[in-house]
Number of protein chains: 2
Amino acid sequence: MTTMKEVAERTGVSVSTVSLVLNDRDEGRVKPAIAEQVRATAKRLGYRPNPLARSLRTSKTRILGFISEGIAATPYAGGIILGAQDAASKLGYMLLTVNTDGNSDEAREIATLKRYGVDGFLYAKMSNRFTDVPKPLHDYPLVLVDATDRTGRYASIEPDETLIGYDATKRLIDACCASIAYIGCSEPMLAQQGRLEGYRRALLEAGMPFDESLVVAVPNNGPALQTVTDLFERRRPDGYFCFNDARAWYVYENAARRGLVVGRDVSVVGVDNHRVFAETLEPQLTTVELPHYEMGYWATRKLVSLIEGREPDDDEPETTAPLPPLDASIPAKIHCTLIDKQSVAQR
Amino acid sequence: MTTMKEVAERTGVSVSTVSLVLNDRDEGRVKPAIAEQVRATAKRLGYRPNPLARSLRTSKTRILGFISEGIAATPYAGGIILGAQDAASKLGYMLLTVNTDGNSDEAREIATLKRYGVDGFLYAKMSNRFTDVPKPLHDYPLVLVDATDRTGRYASIEPDETLIGYDATKRLIDACCASIAYIGCSEPMLAQQGRLEGYRRALLEAGMPFDESLVVAVPNNGPALQTVTDLFERRRPDGYFCFNDARAWYVYENAARRGLVVGRDVSVVGVDNHRVFAETLEPQLTTVELPHYEMGYWATRKLVSLIEGREPDDDEPETTAPLPPLDASIPAKIHCTLIDKQSVAQR
DNA sequence: CTGAAAGCGCTAACAA
DNA sequence: TTGTTAGCGCTTTCAG
C-alpha cells in the first residue's frame with residue numbers, strides 16, 4: 001500500500017501538496033505542472049487513499065451501516081443486501097452489515113456501528129410494516145428498507161403493492177383469462193389492500209367485472225387448501241393471482257388433482273415464487289418479483305444523497321459509466337416507491 | 001464519544017497509562033490503585049475505544065471481509081451471512097460484505113477490502129465446488145465457505161453430504177417405508193455422490209437392499225417430471241429422498257395426480273425445502289436443512305482463530321456467557337465439516 | 001503557489 | 001511505576 005508520503009517523496013514535493021492535488025483541491029493553489037506530476041506518480045505507484053486514516057481527520061468513513069432485523073434468515077435478505085452492495089460499490093461506499101434478532105442487542109449493534117464511524121444507516125425489516133426507528137439512529141442519515149416509518153420523518157423504500165397487484169392481474173388478462181380469482185392472505189398485512197386495489201383497477205380497466213366471490217383470503221395453514229378447493233369447484237376460474245408462493249401451491253395442488261395443466265388449462269401468476277416453481281415450471285410460470293434487489297439499491301442511493309447532500313463524484317476514476325443522479329426517480333416498472341420526508345409531508 | 005485523552009485528564013494520568021490499563025497490559029507496569037481509578041472513570045464516562053484510530057497503529061481492524069460470488073441472490077446467502085455475523089459479533093468483529101458477480105470486479109472489491117484493512121477473508125460460493133482462491137487473497141487469513149480449495153492449502157467449511165444423505169434416508173426408514181427411492185440430480189455436483197453414499201449406508205445399516213432401479217437422476221427441467229412419473233408407476237415406492245425441493249415438487253405433483261396424500265400414503269424427505277413447502281405442508285413435511293447458517297458461523301470462528309492464533313478474549317466485557325474455544329469441533333448433527341490445512345494434509 | 005506543523009485517537013518505545 | 005515522545009496516513013490551517 002503506497003502512501004501519500006511516498007508519492008510526495010518520489011515527486012519531490014510535500015505531503016500537503018499531494019493531498020491537495022489528489023483531493024482535487026488544487027485549482028489556483030497548485031501549479032498545474034506540479035499537479036500533473038503528482039497525479040502521474042500517484043498513478044504510477046498505484047496510490048489508493050487509506051479511508052481509515054482519512055476518517056480520523058474528516059470523520060467520514062464512506063461506510064454505511066446495514067441493520068437487518070431478523071431478515072437475514074429469509075430468502076429475501078440476500079436480494080436486499082445485494083442491491084445495497086451494488087449501489088454502495090458504485091458510489092464508492094462499503095457496507096458494514098449487522099443483524100439483530102430481538103431488541104436486546106439492537107442498541108449494542110448500533111453502538112458498535114457508530115464506533116466504526118458509519119456515515120449513515122440502512123434499516124431493513126422483514127416485510128413492509130410500520131416501524132419505530134430506534135432512538136440511537138435518530139440523528140443520523142437514515143433510510144428504511146421495506147418498512148414504513150410510523151412518524152413519517154424518515155425516508156423509506158417500499159414495495160408498490162398496487163402496481164404489483166395491477167401487473168399480476170394484467171398478465172392474466174393478457175393471457176385471455178375470463179374469470180380471474182385472487183387468492184389472498186387472511187393475515188392482516190400492509191401488502192394486502194394494495195394488491196387487491198391493483199387487482200380491481202386492472203379488471204376495471206379491462207372492462208371486466210369485479211366479483212367478490214372470486215376473492216378468497218386463505219390463512220397460512222390449516223384449512224387453506226380446502227378454501228382453494230372450494231373456489232375451484234364453485235367458480236372454476238381460469239386465472240389465479242396468488243398473494244405468494246404458498247398460495248400458488250394450493251392452486252397447483254388442486255390443478256394436479258384435476259389433471260389440469262398450469263399454463264395450458266389454467267393460468268397462475270404468483271408474487272415472488274421461489275426456486276421450486278422457477279426451476280420446475282419454467283415455461284408455464286409467471287411470477288411478479290418482489291423488488292428486493294431494487295429496494296436495497298435505491299435505498300442506498302437515497303442514503304448516500306442524504307449523506308453527501310449532492311451528486312456523487314466518483315471515488316473510483318476507473319468507473320467510466322456516468323452515474324444517474326442520486327435522487328433519480330425509480331423506474332415505474334421496478335415496483336417500488338421511494339417515500340421521502342417531502343412526499344410524506346404532502347400526503 | 002469519549003476519548004482516551006478525556007479519561008486521562010479526568011483521572012489525572014497520562015494517555016499512555018490509560019492505554020496500558022484499558023488494554024490489560026498493566027500488571028506490574030501500573031500501580032493497581034491507579035489502574036482501578038482509570039477503569040472506573042473509563043466506565044463512568046462510557047469510554048469505548050475507537051477501532052479505526054487503533055487500527056492506524058496496529059493495522060488490526062477487527063473487520064472481516066466477506067466475499068460472496070453471486071450467492072447473495074440465492075435464498076441461501078442470508079443464512080450464511082447471518083451465521084457469520086452472529087459469530088463475528090460474539091467475537092467482537094464486524095463484517096464488511098461485498099459481492100462479485102463475475103471475475104471482473106472481484107479484484108477491485110478485494111483491493112477495496114484491503115484498503116479498509118480487513119484482518120482476513122471469508123470467501124463464499126454458491127454451493128460446494130472446487131475453487132481457485134484469487135491471488136490477492138493468498139497471503140491473508142482465509143476460510144472458504146461452501147467451497148473446496150482445489151489446492152488444499154486453505155481451510156474451508158463444507159456441507160457433510162454423506163451425513164445429509166444418511167439422515168434423510170434414516171428418517172424414511174424410521175417412518176417404516178419399505179421401498180425408498182432416491183430422486184437425484186443428473187447434473188454433476190459434488191453433493192451427489194455424498195448423498196448417494198449416505199443413502200446407501202443408511203439402507204445397509206437397516207438391513208435393507210440397495211436397489212439401483214430405485215435411484216433416478218433427473219435433470220433440472222424438461223423430462224424430469226416424466227422420469228419421476230415412470231418411477232411412480234414402475235416401482236410404487238412409499239418413501240422418497242429428494243435431492244432438493246425442485247425434485248420434491250415432482251413427487252408432490254405425481255402424488256396429487258394419484259390422490260395420494262404426502263405424509264399418509266407416501267413419505268417425502270427433501271433437502272433444503274423452502275418456504276412453500278414449509279408453510280403449506282407443515283405437518284407432513286420432513287426436511288433436512290442445508291447448514292448455511294452453521295457454515296457461516298463456523299467459518300467465521302475458524303477465521304478468527306487463524307487471525308488471532310489463540311483463544312479469543314472477549315472485546316465486550318458485558319458478554320457473560322463463556323465462549324467455546326475457537327477451534328471447537330462442529331457438533332455432528334450440524335451437517336457440515338471443517339476442512340483445515342492439517343486434515344487436508346492427512347487425506 | 002508551496003511547505004511546515006498540528007492534530008484526529010491510539011499504541012509503543014524509551015526515558016525518567 | 002509513570003510520562004514523554006514519536007508516529008500510523010491523512011487533512012487543514014497558517015506562514016512563507
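Remember, it's a predicted structure, so these values are computed and weren't measured experimentally. Just so we're on the same page: letters track the sequence lines, and every chain starts at 1.
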Candidate list A:V145, A:T300, A:I157, test side-chain contact (heavy atoms from CB on, under 4.5 Å), partner A:I80, passing option = A:V145

Between A:E27 (CD) and C:dT2 (P), how many Å, whole number?
-> 13 Å

For D:dC10, does either OP1 or OP2 sit under 4.0 Å from a side-chain N or O belonging to A:Y47?
-> yes

Distance, rounded to the nearest Å, where A:L52 contributes CG and C:dC10 contributes P | 14 Å

A:K125 with A:D146: basic N within carboxylate O range, under 4.0 Å = no

Integer-rounded Å distance: D:dG16 P and A:R29 CZ | 17 Å

Separation of A:K60 atom NZ from D:dT12 atom C1', in whole Å?
-> 17 Å

Under 4.0 angstrom, heavy atoms only, what part of the nucleic acid is B:I34 near: base, sugar-phosphate, or nothing?
-> sugar-phosphate

Nearest-Å distance for atom pair CD/P, residues A:E9 and D:dG9 = 12 Å

Specify the separation, in whole Å, of atom CE of B:M1 and atom C1' of C:dC10.
-> 16 Å

Atom pairs under 3.5 Å: protein N/O with N/O of nucleotides 6-8 of chain C:
from: C:dG7; atom 1: N2; to: A:R57; atom 2: NE; distance (Å): 3.3
from: C:dG7; atom 1: N2; to: A:R57; atom 2: NH1; distance (Å): 3.3
from: C:dG7; atom 1: N3; to: A:R57; atom 2: NH1; distance (Å): 2.7

Steps toward side-chain contact (heavy atoms from CB on, under 4.5 Å) verdict (B:D119, B:I63) = CA-CA 6 Å; B:D119 293 340; B:I63 298 179; 5.9 Å; no

Closer than 4.0 Å, any side-chain N/O of A:S14 to the OP1 or OP2 of C:dA4?
-> no

How would you label the contact of B:L20 with the nucleic acid (heavy atoms, under 4.0 Å): base, sugar-phosphate, or nothing?
-> nothing

Which residue, A:K60, A:R301, A:R62, forms the salt bridge (Lys or Arg N to Asp or Glu O under 4.0 Å) with A:E308?
-> A:R62

Are any of the side-chain heavy atoms of A:N99 and A:S68 separated by less than 4.5 Å?
-> yes

Atom OH of B:Y116 to atom P of D:dG9: distance rounded to whole Å?
-> 17 Å

Does a salt bridge link B:D105 with A:K90, judged by any charged N lying under 4.0 Å from a carboxylate O?
-> no

If you check the A:S19 side chain, which of D:dT12, C:dT2, C:dT11 turns out closest?
-> D:dT12

Dump the intermediate steps for side-chain contact (heavy atoms from CB on, under 4.5 Å) on B:F66 and B:V98, then the final yes or no.
-> CA-CA 6 Å; B:F66 184 101; B:V98 132; over 6 Å; no

N/O (side chain, B:T17) to phosphate O (OP1/OP2, D:dG3) under 4.0 Å | yes

Taking the side chain as every heavy atom from C-beta outward, state whether B:I34 and B:V13 have any pair of such atoms under 4.5 Å apart.
-> yes

Just by distance, with hydrogens left out, do B:T17 and B:S14 show a side-chain donor and acceptor under 3.5 Å apart?
-> yes

Just how far, in rounded Å, is P of D:dC10 from CZ of A:R25?
-> 16 Å

Note: for B:N50 and A:G12 on DNA chain C, the residue whose nearest nucleotide lies more 5' is A:G12

So what stems show up for DNA chain C if we need 3 or more Watson-Crick or G-U pairs in a row, all under 3.5 Å?
-> C:1-16 with D:1-16

Kindly say whether, by distance alone, the side chain of A:S16 makes a donor-acceptor pair under 3.5 Å with the base of C:dA4?
-> yes

Under 3.5 Å, is there a donor-acceptor pair between the B:Y116 and A:N50 side chains?
-> no

Remember a base hit wins even if backbone is also touched, and classify A:N23 as base, sugar-phosphate or nothing at under 4.0 Å, heavy atoms.
-> sugar-phosphate

